[in-house]
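First listed ligand is number 1; within each ligand, the first listed atom is number 1.
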Amino acid sequence: MAKNFYEILGVQKSASADDIKRAYRKLAGEHHPDRGGDSNRFKEINEAYQVLSDSTKRSQYDQYGQTFDQAQRQGGFGGGFNGAAGGNPFEGFGFEGGFGNAGGSFGFEDILSSMFGGDPESAERRNRGVDLEMPLTISFKEAAFGTETEITLEKKNRCERCEGSGAEPGSKLITCPKCHGQGQIKTTRRTILGTIASSAVCDRCEGSGKIPEIPCTECKGEGVKRGRKTIKISIPAGIDNGQRIRVKGEGEAGYRGSATGDLYISIRVTPDPQFRREGSDIYKDADISYSQAALGTTIETNTIDGTVKIKIPNGTQPGKVFKVADKGVPHLNRSGRGNMYVTVNIKVPEKLSKKQKELLKQLEEVE
Ligand SMILES: [Zn+2]
Ligand SMILES: [Zn+2]
């Protein structure tokens with residue numbers, strides 16, 4: 001849950017604004033994903049800096065172990081106090097029964113969310129379908145030029161019988177009798193701090209304020225049904241190993257017609273025996289003979305689409321790299337392509353014919 005932002009930036013709690021900025025710059029430089037850093041660590045550093053560099057947010061954080069923004073984002077202060085730097089501001093008040101962090105229906109998150117105007121958890125987020133992630137392996141050339149494929153997933157889909165509403169066809173949705181259509185159950189309690197109001201999502205209607213008059217017989221009123229679904233996926237040209245594609249709305253269906261989650265496809269690219277890829281550039285090797293290197297020649301070599309001729313000048317040394325412009329991988333989401341780089345190897349024959357042997361001997365004598 002909540003991490004100590006001071007520890008993340010490696011500064012003291014008493015650090016000055018300058019100290020914090022300096023620590024941030026140093027760490028952000030070290031952990032930048034463009035320079036091979038870990039993106040989660042980088043995100044964490046940025047998050048810590050967002051809070052500690054803003055004096056208002058910093059003082060909220062010092063006091064409550066969390067900022068109000070964060071509290072609202074997380075839907076209440078739940079968990080924010082556990083192990084956070086600021087400690088629990090209400091510790092030591094000696095509340096009785098049902099009041100601690102120990103759970104029950106009336107925890108600190110309820111009190112704080114009502115004090116700070118946060119919502120314990122929005123019905124929208126609670127009922128949204130889950131995001132799914134699956135790996136997909138494609139070939140080197142499919143990654144380069146893009147492809148279309150189909151995948152089959154077992155997941156919660158929208159119930160077709162009730163079209164996701166949860167109501168039996170022909171029946172309608174009625175106002176939830178438990179929350180009277182509010183979607184929330186409000187509770188008030190008298191405490192030593194005065195009367196405290198809290199609200200929780202109604203468990204009968206899951207916050208929608210409506211329930212089916214007759215629940216759908218296919219999905220028992222949930223609006224979702226588990227099953228297999230085949231989806232067409234279009235892989236863009238230029239995608240690389242380890243990248244993810246987001247397919248909007250193809251995660252799990254939400255409860256009773258709530259928003260659907262997304263599907264993330266993580267791409268694995270099978271290595272190619274001939275080509276190596278770095279970004280949009282492709283690297284490969286080509287063998288030539290000693291005499292071709294010495295005298296110069298033109299060779300034909302494979303690219304990912306067709307062959308090209310490369311002029312090898314006389315006196316070419318082993319390991320020399322020739323650039324073939326625009327024969328790399330197409331750039332992802334923009335026009336143009338990378339280059340191909342061909343490294344020349346000089347191949348020494350393992351077996352010689354009689355004639356070759358004679359000629360090489362003569363050559364040796366001349367040299
Ligand atoms: Zn249904
Ligand atoms: Zn309700």
Side-chain angles (χ1 to χ4, degrees), residues 71-79 98-99 103-134 150-191 195-232 247-263:
Q72 275 174 339
R73 254 202 331 269
Q74 290 175 11
F77 267 55
F99 232 89
S105 57
F106 207 72
F108 269 107
E109 58 265 51
D110 299 312
I111 300 168
L112 290 162
S113 67
S114 59
M115 284 174 74
F116 298 136
D119 183 3
E121 191 185 30
S122 74
E124 205 181 314
R125 189 173 42 203
R126 184 184 167 117
N127 296 333
R128 182 182 186 269
V130 174
D131 289 339
L132 299 175
E133 173 151 11
M134 71 165 295
E150 282 186 348
I151 54 169
T152 301
L153 289 170
E154 163 102 25
K155 65 181 179 100
K156 281 185 184 170
N157 297 304
R158 192 175 79 145
C159 172
E160 280 171 14
R161 183 174 173 83
C162 62
E163 295 178 330
S165 72
E168 183 68 2
S171 77
K172 53 187 191 317
L173 294 169
I174 54 167
T175 303
C176 172
K178 188 166 181 184
C179 64
H180 309 292
Q182 297 300 301
Q184 306 249 318
I185 304 286
K186 288 199 169 27
T187 326
T188 52
R189 274 217 173 186
R190 289 167 67 89
T191 74
T195 303
I196 291 180
S198 77
S199 58
V201 172
C202 172
D203 59 357
R204 179 85 186 272
C205 63
E206 299 291 341
S208 68
K210 289 194 179 344
I211 58 164
E213 189 178 21
I214 304 165
C216 167
T217 51
E218 188 70 37
C219 65
K220 298 183 176 59
E222 295 198 344
V224 293
K225 187 104 206 301
R226 193 161 260 292
R228 287 161 79 84
K229 188 178 176 191
T230 300
I231 300 161
K232 249 201 191 118
V247 190
K248 207 170 171 327
E250 290 295 357
E252 293 205 318
Y255 181 82
R256 278 190 205 152
S258 302
T260 307
D262 297 328
L263 169 66

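Two residues are said to be in side-chain contact when any heavy atoms from C-beta on lie closer than 4.5 Å; Met134 and Leu153 meet this criterion. Contact of the Arg161 side chain with the Glu168 side chain is registered, since non-hydrogen atoms from C-beta on lie closer than 4.5 Å.
When each of Ser199, Cys205, Cys202 is checked for a side chain to side chain contact (heavy atoms under 4.5 Å, CB included) with Gln184, only Ser199 meets the rule.
Residues that satisfy the side-chain contact (heavy atoms from CB on, under 4.5 Å) test with Asn157, not counting sequence neighbours, are Lys155, Lys229. By the side-chain contact (heavy atoms from CB on, under 4.5 Å) test, Pro212 pairs with Ala167, Leu173, Arg256, sequence neighbours left out.
The line from CD1 of Ile214 to SG of Cys162 is 12.5 Å long, rounded to the nearest 0.5 Å. Taken to the nearest 0.5 Å, the OG atom of Ser165 stands 9.0 Å off from the CZ atom of Arg158.
For the pair Lys232 and Glu250, the salt-bridge criterion is not met [side-chain N within less than 4.0 Å of a carboxylate O].
The Zn ion (ligand 2) has Cys176 SG, Cys179 SG, Cys202 SG, Cys205 SG as its protein N, O or S neighbours under 2.8 Å.
A donor and an acceptor atom, one from each side chain of Ser198 and Arg189, are nowhere located under 3.5 Å apart.
Around the Zn ion (ligand 1), protein N, O or S atoms at a distance under 2.8 Å total 4; waters are neither shown nor counted.
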